[in-house]
Amino acid sequence: MLKTHTCGELRPEHAAQHVKLAGWVNRVRAQGGVVFIDLRDRWGITQATVDVQSAPEAHAAAEQIGREYVVQIEGIVRPRPEGMVNPNLPTGGIEVEVQRVRVLNAAKTPPFEVSAESKVDEALRLKYRYLDLRRQRMQRNLILRGMVTKAIRDYLYERGFIEIETPILFKTTPEGARDYLVPSRVHPGKFYALPQSPQQLKQLLMVAGYERYFQIARCFRDEDQRGDRQPEFTQLDMEMSFVEREDVLTLIEGLMIKLVEVAAPLTGCQLVTPTFPRLTLQEAMLKYGCDKPDLRYGLEIVDITDLAAQTGFKVFVENAAAGNPIRAIRIPGCGNYSRKQLDDLTELAKGAGGKGLAYIALESGESGQVKSPIGKFFTVEQMTALIERMEAQQGDLILISSDTHPVVCAVLDAVRREFGARLGLADPKKIAFCWIIDFPLFDWNADEQRWDPSHHLFTSPMTEDIPFLDSDPSKARGQQYDLACNGYEVAGGSIRIHDRALQEKVFGLIGLDVEDAKARFGHMLEAFEYGTPPHGGIAPGIDRLVMLLAGEPNIREVIAFPKSQQAADLMAGAPSEADAHQLTELHIRLAEEISHDGNNGSA
RNA sequence: GGGCUCGUGGUGUAGUGGUUAACACGCCGGCCUGUCAAGCCGGAGAUCGCGGGUUCGAGACCCGUCGGGCCCGCCA
């Protein structure tokens, strides 16, 4: 080994030991006759001190060293002199008195500072990702990620789970997200698909009798990116036999609590909800306007349809008469907002699909007045009743949305998120989980005149709702559950169908005729005839979970080599053109307009 | 497919349509034996992403384009 210790481990008790350290030069401070080198590796930073008197050769070498050089130093550990201890470094009690310096590899000046946590353009970080990954933030995040996956494995192995790998080259399923396709050389004109998730395979593993399966599985979906969505991402995919919903929820709650405990020493994150609240989808929509509510703060939605319908405000009266809701949120302490600020909120509402956003501002102070463009349509009693319903006080702002149910939800969800952030209520250190349950099994697809599965097509209906499949599928609830955290969906799962007849009925409702169903899922239907245990599972998204545990704003910060919003790898330059002979071998010809004019020529 | 936004020395920023594009960090050179965001002195470094246009004059305004980000659609 080129090193006897890491750069994070030497302490005063190592004094007088002869050591070798190797790593990257974090900073050099040349002080004339003495040069200080901060030597960095994954474990920490140790100060190496090179004195011109005691080690003239090493001193001369040290003066030539630049940051990010890879060097080995050899010397004696000694406690730092009185008053020279650096309390900011775990190794700050000692330094290595250098006898020899060896440059293992010189380094060009990096395009951004590795040793400082300064802001850097993200495109540049991605282009030089290997340098970005040297920085403290990314090292912490990837170390955390490794700890999380290890904790997951420990937790599940302790409970009798077995880790099984499933194929990356699998079969395309036109349902759901767009597939990434891989052309087959051996089968001209045919394609594999990369899995959107190992859904079918894990169910088949249940048929095969493994009972408790998990996999840290890479999944691929060719859809447009968001801060919480990458074209390839990682799920903890798991499935269990002979379980009911409660078993899955309990297991996952225990796992999530453990993960927060594992992350806490590194990131300072804190669980706010030791028991995870359970909300039906409908409750979540009514209270938070959202199927993945952020429970780190209140700002709950209040229905005021009955009150608003009594007023003289035409929009409210007409909307209520049409069966649409009128709902409001009380924002504490924003009653003195300016006209401009209030107008901006209207824009926010429009951005969410609303036509506008009514407000009632309760100015603060002794002479505080009620300020509202719609105030004149309210009697004093009506206004008083509304303020009481909202539990509003002087200085508060009431924001009101009236539209169809989905629009009201979207608008007030946007309002909630905005003020959660603006009022500092969305503390990134806090972790607030909740379960969303009782999803409808289907959503009506008006364009295609058929039912779409709201989760996926293997989700089992609630037993008591099975008759609805014949009478009114909209009323059938699925045995589905989502785990939400801080406004993100972090897991989704269900108890599955394990009966061929029921599965075929569901295929029929979603417009798959018998031939289609056989062509795409014949292997599943057939398997169900060979003794299939009742089973269910869930798939937490590891990128999102680690992002939340790390308090990061997007999942790129917890992925070593993420893709840009255009699904490109800015470091390697993927995707790239393929050689003509590769294409020929794969039986692929490019369409005229794109052949051999691929990349742009600009800087 | 659509909306918004950003692009200025190596990095991060500033820059009412009007001199020689400013500042900090970094980099290079010098001084310095106790620094640790070292300090002090000096220096180099930008045709303002790219291409058009408006204008007497464009880093700034307009159009296009490339790249990054946020969002809608999409994401069983």
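The chains referred to below are lettered A, B, ... by the order of the sequence lines, with proteins before strands, and numbering in each begins at 1. Since the model is a prediction, treat every value here as computed from it, not as a measurement.
A donor-acceptor contact closer than 3.5 angstrom links the side chains of A:Tyr213 and A:Asp237. At a cut-off of 3.5 Å, with distance as the only test, no side-chain donor of A:Asp543 or A:Gln230 sits close to an acceptor on the other residue.
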Completion exercise
The contact string for nucleotides 68-73 of chain B, one letter per nucleotide 5' to 3', using protein heavy atoms under 4.0 Å with B, S and - for base, sugar-phosphate only and none, comes out as SBBSBB
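Residue A:Asp51 is in base contact, counting any heavy-atom pair closer than 4.0 Å across all strands shown. Heavy atoms of A:Ser115 sit nowhere under 4.0 angstrom from any nucleic acid atom. Note on A:Ala30: a base of the nucleic acid sits closer than 4.0 angstrom, heavy atoms only. At the heavy-atom level, A:Val35 lies nowhere under 4.0 Å from the strands shown. Using a 4.0 Å heavy-atom criterion, one finds that A:Arg496 contacts no nucleic acid atom at all. Residue contacts for A:Glu347: at a heavy-atom cut-off of 4.0 Å it reaches no nucleic acid atom on any strand shown. Among the heavy atoms of the strands lying under 4.0 Å from A:Arg67 are primed sugar atoms or P, OP1, OP2 only; no base atom is included. A:Leu124 comes within contact range of the sugar-phosphate backbone alone, with a heavy-atom separation under 4.0 Å but no base atom that close.
Evaluation of atom-type donor-acceptor distances gives no pair under 3.5 Å for the side chain of A:Arg125 against the base of B:G12. Residue A:Arg29 places no side-chain atom within donor-acceptor reach of the base of B:U33, judged by atom type and a 3.5 Å distance cut-off alone.
If you take atom P in B:A21 and the same atom in B:A60, they sit 15 Å apart, rounded to whole Å. Here the separation of B:U11 from B:U47, taken at their P atoms, is 11 Å to the nearest Å.
In this structure, A:Phe36 counts as stacked on the base of B:U35 under the 5.5 Å centre distance and 30° plane angle limits.
Two residues, A:Pro111 and A:Glu63, neighbour RNA chain B, and the one matched to the more 5' nucleotide by heavy-atom proximity is A:Pro111. Mapping A:Asp38 and A:Ser118 onto RNA chain B via the closest heavy atom, the residue that lands nearer the 5' end is A:Ser118.
Atom CD of A:Gln136 has 12 or fewer neighbouring heavy atoms from other residues, nucleotides or ligands inside a 6.0 Å radius.
For B:U11, the OP1/OP2 oxygens have no side-chain nitrogen or oxygen of A:Lys119 closer than 4.0 Å. Residue A:Arg27 places none of its side-chain N or O atoms closer than 4.0 Å to OP1 or OP2 of B:A37.
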Exercise for the section: List the steps, then state whether side chain to side chain contact (heavy atoms under 4.5 Å, CB included) holds for A:Thr109 with A:Glu68. Expected result: CA-CA 8 Å; A:Thr109 301; A:Glu68 299 311 312; over 6 Å; no
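Looking at A:Arg178, its side chain does come within 3.5 Å of a backbone N or O of A:Asp222 through a donor-acceptor pair. At least one donor-acceptor pair under 3.5 Å links the side chain of A:Arg135 to the backbone N or O of A:Glu113.
Atom-to-atom, CG of A:Asn88 to P of B:C36 comes out at 11 Å; the value is rounded to the nearest Å.
Of the residues listed (A:Gln203, A:Gln199, A:Arg496), the one engaging A:Glu239 in a side-chain hydrogen bond (donor to acceptor under 3.5 Å, both in side chains) is A:Arg496, and it is the only one.
With rounding to the nearest 0.5 angstrom, the CG atom of A:Asp224 is 8.0 Å from the CD atom of A:Gln566.
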